[in-house]
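Everything below concerns the one structure shown next.
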Amino acid sequence: MARKAAITGLKAAALACASLLVTPPAMGDTLREALAQAYASNPQLQAARAQLRATDESVVIQRAAGLPSADLSGNLTEFLKQSSASFIAPERSLSANLNLGVPLFSGGSVRNGILAAENRIEAGRADLRSTESAIFAQVVAAYMDVIRGEAVAALSAGNVAVLEVNLQATSDRFEIGDLTRTDVAQSASRLALARADLRTAQANLAIARENYIALVGQAPSDLQPPPPLPGLPASVDDAEELALASNPDLIAARERAEAAGFDVRVAGAGRLPRLEAFATGGYQNFLGTLGAIPGAGTAQQVNTSAQAGIRVTVPLFQGGRVAAQQRQAQQQALAALEQAIGTERQVLAQVRAAWQNWRAANAIIASTQAAVDAAELSLEGVRAENTIGNRQILDVLNAEQELLAARVQLVTARRNEYVAGFNLLAAMGRAEARDLGLDANGPLYDPVVNYDRVRGQVWDWQRDPEPLPRATRTVDIGPQDGEISAN
């Protein structure tokens, strides 16, 4: 009776572990909190934002070519050897020149360069969206891996405990001559394998926790079951339609193709005339060293000058360089167009694969749940038959192994279903912070803010503060183990 009570208790514990994905613990981290933490501190995401801010400066750089420019130069010259034929040769001079240029026409290169830069900024924003959804997909997978690892480790620990009771019961029955030494050996063998499986499950759990830390920046603590995924499509056609309109990788490829079209015009502008207004001013001071002019007295020591005008530059022959640059830009534009089509193909393939994985995972859950129910009934029947001598110990061990395998497969199927559903949302372009409601945790990162900040800046001496990392480090988080969390 004591052994039956122990087996019943262990069975109940294993069932509780098997339902870990659907029964929330009392307290612990939520998926929303994990995503919010990754959104705020993941180094990959922070690097992508910094890269986009760097791309924002390309508009300022392109526009600068169409704005006025001014420069000042100065020279202090010491005449070490004078000409023997000169009576007024100075010993030294100080000169300064001020040059001002105002581009009036540059063949459209500035305007098209700005347009190309703006398209690349749009592509960069789409790349940031893609990085964000990719990080979130990894966080979701890591979150579910920890939950699965906890459940599998708990099931394995429960199986070890059950087999320990079985081994003790088998040994007792062997002592009274009810069973053979073979039965004891079979029970001992299964227990040894179960202990090895437990060690493997604990190692996998520790690895899952480390991966979670790398992505989220903090150690997992009693992770709660995730909420239902929002916005899953009713059909694969709906998923494809949304992906073609919203997938960030596809949007980025299209923007880059459009930017490459403007690059062709920029290259072609090299054969067109250029018109520029200019003004120059000069100052020269011989510092009292200019000699007297014979018959005219003391020479003027200071000279000033000023000029203004219009300069036209008409390219006549450049050795084919401009034509080659334009042909090069055309082929690069063609490559960008082909890449956009290739990205479209990949996006459609991702959406369809994610859809099939999600549907298959749902079907697997239903089938595996039925397998668990059947395995439970089978184990009960085999144990009952074993007590009256109609079943051998090996039959009981096999039934226990089948039930454990079914429960592990059910936990894995639930993990795969959720991850596949999130990957489907990511492929559709619907797995970003705003889509997941993370804006409730505080204002989301707006890439337009930095663009608006830098777009109008023309002062050469303006600079931002020295860059400091914003991602959190994990060196203070100790190594993880495979111990099962106490809920």
Side-chain angles (χ1 to χ4, degrees), residues 21 29-49 51-52 125-149 207-218 220 223-233 236 238-240 242-253 343 346-362 364 412-439 441 444-445 471:
L21 289 178
D29 298 335
T30 65
L31 179 58
R32 180 191 183 89
E33 291 170 347
L35 292 172
Q37 177 69 17
Y39 185 80
S41 66
N42 183 274
Q44 240 182 302
L45 193 51
Q46 292 291 348
R49 291 169 184 165
Q51 186 60 51
L52 178 57
R125 292 174 183 172
D127 286 337
L128 178 59
R129 288 181 52 209
S130 177
T131 300
E132 184 178 308
S133 63
I135 293 296
F136 283 172
Q138 293 176 38
V139 170
V140 168
Y143 189 96
M144 299 304 295
D145 284 344
V146 173
I147 291 181
R148 177 183 61 179
I207 293 171
R209 287 171 173 167
E210 294 291 354
N211 188 40
Y212 180 95
I213 292 173
L215 290 166
V216 178
Q218 63 185 20
L223 302 186
Q224 298 182 16
L229 291 174
L232 287 169
V236 68
D238 293 342
E240 290 177 8
L242 285 171
L244 291 175
S246 302
N247 182 277
D249 293 330
L250 184 53
I251 292 174
T343 302
Q346 293 174 359
V347 167
L348 289 174
Q350 290 171 2
V351 169
R352 291 165 182 168
W355 170 266
Q356 294 297 336
N357 286 336
W358 179 59
R359 291 290 301 274
N362 278 283
I364 290 171
T412 301
R414 286 176 175 155
R415 177 265 180 201
N416 292 344
E417 183 271 339
Y418 200 87
V419 172
F422 196 90
N423 288 339
L424 176 58
L425 291 177
M428 292 161 49
R430 290 290 187 269
E432 297 151 36
R434 200 173 305 278
D435 303 314
L436 303 174
L438 296 188
D439 49 344
N441 294 347
L444 299 180
Y445 181 80

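Start at 1 with the first residue, then count along the sequence.
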(request) Supply the atom-to-atom distance Met144 CE to Arg414 CZ, rounded to the nearest 0.5 angstrom. (result) 10.0 Å

Donor-acceptor pairs are to be reported for all side-chain atoms of residues 423-434 against protein atoms at under 3.5 Å, with residues two or more places apart or in another chain.
| residue | atom | partner | partner atom | Å |
| --- | --- | --- | --- | --- |
| Asn423 | ND2 | Val419 | O | 3.3 |
| Arg430 | NH1 | Ser246 | OG | 2.9 |
| Arg430 | NH2 | Ser246 | OG | 3.4 |
| Glu432 | OE1 | Arg129 | NE | 2.9 |
| Glu432 | OE2 | Arg129 | NE | 3.0 |
| Glu432 | OE2 | Arg129 | NH2 | 2.9 |

(request) Please step through side chain to side chain contact (heavy atoms under 4.5 Å, CB included) for the pair Leu436 and Phe422, ending with a clear verdict. (result) CA-CA 11 Å; Leu436 303 174; Phe422 196 90; 3.9 Å; yes

(message) If I compare all heavy atoms of Asp238 with all of Pro233, which pair ends up nearest, and what's the gap?
(response) CB-CB, 4.1 Å

(request) Could you tell me whether Arg359 atom CZ has more than 12 heavy atoms of other residues or ligands within 6.0 Å of it? (result) no

(request) Compare every heavy atom of Ser133 with every heavy atom of Ser130, then report the nearest pair and how far apart it is. (result) O-OG, 3.0 Å

(request) Using side-chain contact (heavy atoms from CB on, under 4.5 Å) as the criterion, list what pairs up with Arg49, not counting sequence neighbours. (result) Tyr39, Leu45, Gln46, Arg53, Leu128, Tyr445

(request) Not counting sequence neighbours, which residues clear side-chain contact (heavy atoms from CB on, under 4.5 Å) with Thr343? List them please. (result) Asp249, Leu250, Ala253, Val347

(request) For Val139, check side-chain contact (heavy atoms from CB on, under 4.5 Å) against everything at least two apart and list the hits. (result) Ala34, Leu35, Ala38, Ile135, Leu215, Val216

(request) Of all the heavy-atom pairs spanning Thr30 and Gln224, show the shortest one and how long it is. (result) CG2-OE1, 3.6 Å

(message) As an exercise, state the distance from CG of Asp29 to CD of Gln37, rounded to the nearest 0.5 Å.
(response) 9.5 Å

(message) Once salt bridge (charged side-chain N to carboxylate O under 4.0 Å, His left out) is applied, do any residues pair with Asp127, and if so which ones, sequence neighbours excluded?
(response) Arg256

(message) Would you compute the distance between atom CD of Gln51 and atom OG1 of Thr131 and round it to the nearest 0.5 angstrom?
(response) 10.0 Å

(request) Output yes when a side-chain donor or acceptor of Asn357 lies under 3.5 Å from a complementary backbone atom of Ala353, and no otherwise. (result) yes

(request) Would you indicate whether the side-chain heavy atoms of Tyr143 and Arg415 approach each other to under 4.5 Å? (result) no

(request) Would you indicate whether the side-chain heavy atoms of Tyr418 and Val140 approach each other to under 4.5 Å? (result) yes

(request) Work out which heavy atom in Ile251 is nearest to a heavy atom in Ala245; give both atom names and the distance. (result) CD1-O, 3.9 Å

(request) With sequence neighbours left out, write down each residue that passes salt bridge (charged side-chain N to carboxylate O under 4.0 Å, His left out) with Arg352, or none if nothing qualifies. (result) Glu240

(request) Drop me the distance from Thr412's OG1 to Asp145's CG, to the nearest 0.5 angstrom. (result) 9.5 Å

(request) With rounding to the nearest 0.5 Å, note down the distance linking CD in Glu33 to CD in Gln218. (result) 8.0 Å

(message) Within the 4.5 Å heavy-atom criterion, are Pro227 and Leu31 side-chain neighbours or not?
(response) yes

(request) Taking all heavy atoms of Pro220 and all of Tyr212, pick out the closest pair and write down the distance. (result) CD-CD2, 3.5 Å

